[in-house]
Amino acid sequence: MTKETVVKKHHWLISAQLVFVLPEQQEGSVITMNTMLLTDEPVVNYKDLARAHHSLKVSLDQRFDTAVDLKDIIILAVSNLGLMSEPEFKAGMVPEGQ
């Protein structure tokens, strides 16, 4: 019997405002969104922020079901949620469909 290794990561909640223009529209819009970021180290570096930007852009495109012309991303807050494993993070969640 093999023992499963529990991997702990630093969990971060990134809150940001996204400035964008939808196709076929002249005026820009602003939306506030969140994304999760997991890191091995207790810091958020440039590469991590780039991953967060990418995640926010993908979420924005999915929300409007089209490629959105993203003009800017303004990070409002980076909140450290702690060092934990995935089961620890999901503790107490209600399974889907219940």
Taking all non-hydrogen atoms of both residues into account, name the closest pair between [X] and [Y] and its distance.
X: T35; Y: S55; result: OG1-OG, 2.7 Å
X: E88; Y: L83; result: OE1-O, 4.5 Å
X: V43; Y: T39; result: O-OG1, 3.7 Å
X: D48; Y: R51; result: OD1-NH1, 2.9 Å
X: K57; Y: V68; result: NZ-O, 2.7 Å
X: A67; Y: P23; result: O-CG, 3.7 Å

Check your understanding: So with a 6.0 Å cut-off around CG of D65, is the heavy-atom count from everything else above 12?
Key ->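 Atom CG in D65 is not crowded, with 12 or fewer foreign heavy atoms closer than 6.0 Å.
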
Exercise. Inspect the surroundings of CD in E86 and state if more than 12 heavy atoms from other residues, nucleotides or ligands are less than 6.0 Å away.
Key: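 Not buried by this count: 12 neighbours or fewer within 6.0 Å.
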
Tell me whether [Y] is reachable from [X] by hopping between hydrophobic residues (I, L, V, M, F, W, Y) whose side-chain heavy atoms are closer than 4.5 Å.
X: L76; Y: V30; result: yes
X: L38; Y: L49; result: no
X: V78; Y: F89; result: no
X: L70; Y: I74; result: no

Working to the nearest 0.5 Å, report the span between [atom1] of [X] and [atom2] of [Y].
X: I73; Y: I14; atom1: CD1; atom2: CD1; result: 11.0 Å
X: M84; Y: H10; atom1: CE; atom2: NE2; result: 10.0 Å
X: L13; Y: L37; atom1: CG; atom2: CG; result: 10.0 Å
X: K71; Y: S29; atom1: NZ; atom2: OG; result: 12.0 Å
X: K9; Y: M36; atom1: NZ; atom2: CE; result: 12.5 Å
X: I31; Y: L56; atom1: CD1; atom2: CG; result: 10.5 Å

- Parallel under 30°, tilted from 30 to 60°, perpendicular over 60°: which one fits the rings of F64 and F20? tilted

With N34 as partner, the option from S59, S15, S79 fulfilling side chain to side chain donor-acceptor pair (under 3.5 Å) is S15

A side-chain contact here means heavy atoms from C-beta on lying under 4.5 Å apart; do D72 and Q17 qualify? no

